[in-house]
Protein chains: 2
Amino acid sequence: MNTAKKKRLEMKGWKIGTAFEFLKLSSEEAAYVELKLTLSKNLQEYRREKRLSQEQLARLLKSSQSRVAKMEAGDPTVSLDLLVRSLFALGASRKHLAQMLS
Amino acid sequence: MNTAKKKRLEMKGWKIGTAFEFLKLSSEEAAYVELKLTLSKNLQEYRREKRLSQEQLARLLKSSQSRVAKMEAGDPTVSLDLLVRSLFALGASRKHLAQMLS
DNA sequence: TGACTATATGTCGAAAATGACATATATTAT
DNA sequence: ATAATATATGTCATTTTCGACATATAGTCA
């Protein structure tokens with residue numbers, strides 16, 4: 001971005017540096033959220049393929065039905081760790097994970 | 001496993017059910033730990049490629065040098081979330097992540 | 001060698017994620 | 001329609017992970 005335009009924008013109250021930072025961070029954040037959503041969907045598919053209820057999967061994971069529901073719903077309080085552990089528990093392999101990402 | 005052998009093992013104090021559970025859980029645990037280790041190594045590679053010190057990367061992540069060191073060391077207190085977010089912050093894409101898993 | 005920079009390790013209070021529970025809402029079967 | 005089963009949503013105390021800091025241990029270069 002040229003200096004003149006930057007000046008103009010700054011006059012309107014924009015902080016270029018932080019705006020850039022914001023865009024960069026939000027794109028990283030988006031990638032992260034989309035990743036979690038992808039795993040969520042795959043978790044649900046895996047569970048249904050195995051004809052398990054959320055309750056049954058919860059017992060397998062030593063977790064609770066509500067947490068399984070939140071995993072599948074992409075709830076923000078669910079970590080990648082829990083999603084990945086759950087997929088492994090359902091028999092997914094690293095290769096399967098890789099395919100989910102591609 | 002046949003019933004006779006199971007009986008014999010049980011006499012020696014083995015709980016077949018729980019032993020099986022243990023093996024299954026430990027293999028899931030192993031997959032999870034190996035995954036984190038893989039990402040750790042890749043994070044270090046990415047950082048070095050970019051010629052960043054742990055301190056600089058920490059600032060980029062709004063984290064601390066010690067946490068970056070722990071990430072790269074595969075410290076158990078480091079989550080997959082943090083590893084993945086960090087890789088994204090270094091410019092890795094989903095495709096790159098997929099390749100790391102393959 | 002000794003200053004300097006980078007990385008590793010331990011600890012701690014704060015923040016985030018967890019399982020559990022209650023309960024609401026769908027979905028399915030009779 | 002209604003009973004039974006499955007899933008969604010909110011809350012909370014406990015556990016885990018966090019950034020930060022102190023400090024130890026490598027490496028690097030004068």
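Computation of the quantities below employed the complete heavy-atom set of this structure, encompassing side-chain atoms and omitting hydrogens, waters and symmetry-equivalent molecules. So you know, we letter chains A, B, ... as the sequences are listed, proteins then strands, and number each from 1.
- Of the candidate nucleotides C:dA6, D:dA8, C:dG19, D:dA8 has the atom lying nearest to any side-chain atom of A:Gln65.
- Between the side chains of A:Arg94 and B:Thr38, at least one donor N or O sits under 3.5 Å from an acceptor N or O.
- The separation between A:Leu57 atom CG and C:dA20 atom P is 13 Å, rounded to whole Å.
- Using a 3.5 Å distance cut-off with no hydrogens or angles, the side chains of B:Glu55 and B:Gln65 do not pair a donor with an acceptor.
- Of all nucleotides listed (D:dC18, D:dA22, D:dT9), D:dT9 comes nearest to the side chain of A:Ala69.
- Across all strands, A:Val68 comes closer than 4.0 Å to no nucleic acid atom at all (heavy-atom distances).
- Straight-line distance from the NZ atom of A:Lys62 to the P atom of C:dG19: 12 Å, rounded to whole Å.
- The shortest non-hydrogen separation linking A:Leu37 to A:Gly74 is CD1-CA, 4.2 Å.
- Residue B:Leu82 contributes atom CG, which lies 13 Å from atom P of C:dA16 at whole-angstrom precision.
- Across the protein-nucleic acid pair, B:Leu83 atom CG and D:dT17 atom C1' stand 12 Å apart, rounded to whole Å.
- Regarding B:Gln56, its CD atom lies at a distance of 13 Å from the C1' atom of C:dT7, rounded to whole Å.
- Contact of A:Lys70 with C:dG19 (side chain to base): no donor-acceptor pair of N or O atoms is detected under 3.5 Å.
- Contact annotation: B:Ser79 reaches the phosphate of D:dC18 (side-chain N/O to OP1 or OP2, under 4.0 Å).
- Per the geometry, CG belonging to A:Asp81 stands 10 Å off C1' belonging to D:dT16, to the nearest Å.
- At a threshold of 4.0 angstrom between heavy atoms, the contacts of B:Arg47 are confined to the sugar-phosphate backbone, with no base atom among them.
- When each of D:dG19, D:dA6, D:dG10 is scored by its nearest atom to the side-chain atoms of A:Ser66, the top-ranked nucleotide is D:dG10.
- Heavy atoms of B:Ser64 sit under 4.0 angstrom from at least one base atom.
- Judged by distance alone, with hydrogens and angles left aside, B:Ser63 brings no side-chain donor or acceptor close enough to the base of D:dC18 to form a pair under 3.5 Å.
- One interatomic measurement links the two molecules: CD of A:Glu55 to P of C:dT28, which rounds to 18 Å at whole-angstrom precision.
- Residues B:Arg47 and B:Ser86 have side chains that never bring a donor and an acceptor to within less than 3.5 angstrom of each other.
- Here the straight-line distance linking atom CD of B:Glu72 with atom CG of B:Leu39 works out to 12.5 Å at 0.5 Å rounding.
- When distances run from any side-chain atom of A:Ser53 to the nucleotides D:dA6, D:dG19, C:dT9, the shortest one goes to D:dA6.
- A straight line from CZ of A:Arg67 to P of D:dA8 spans 14 Å, rounded to a whole angstrom.
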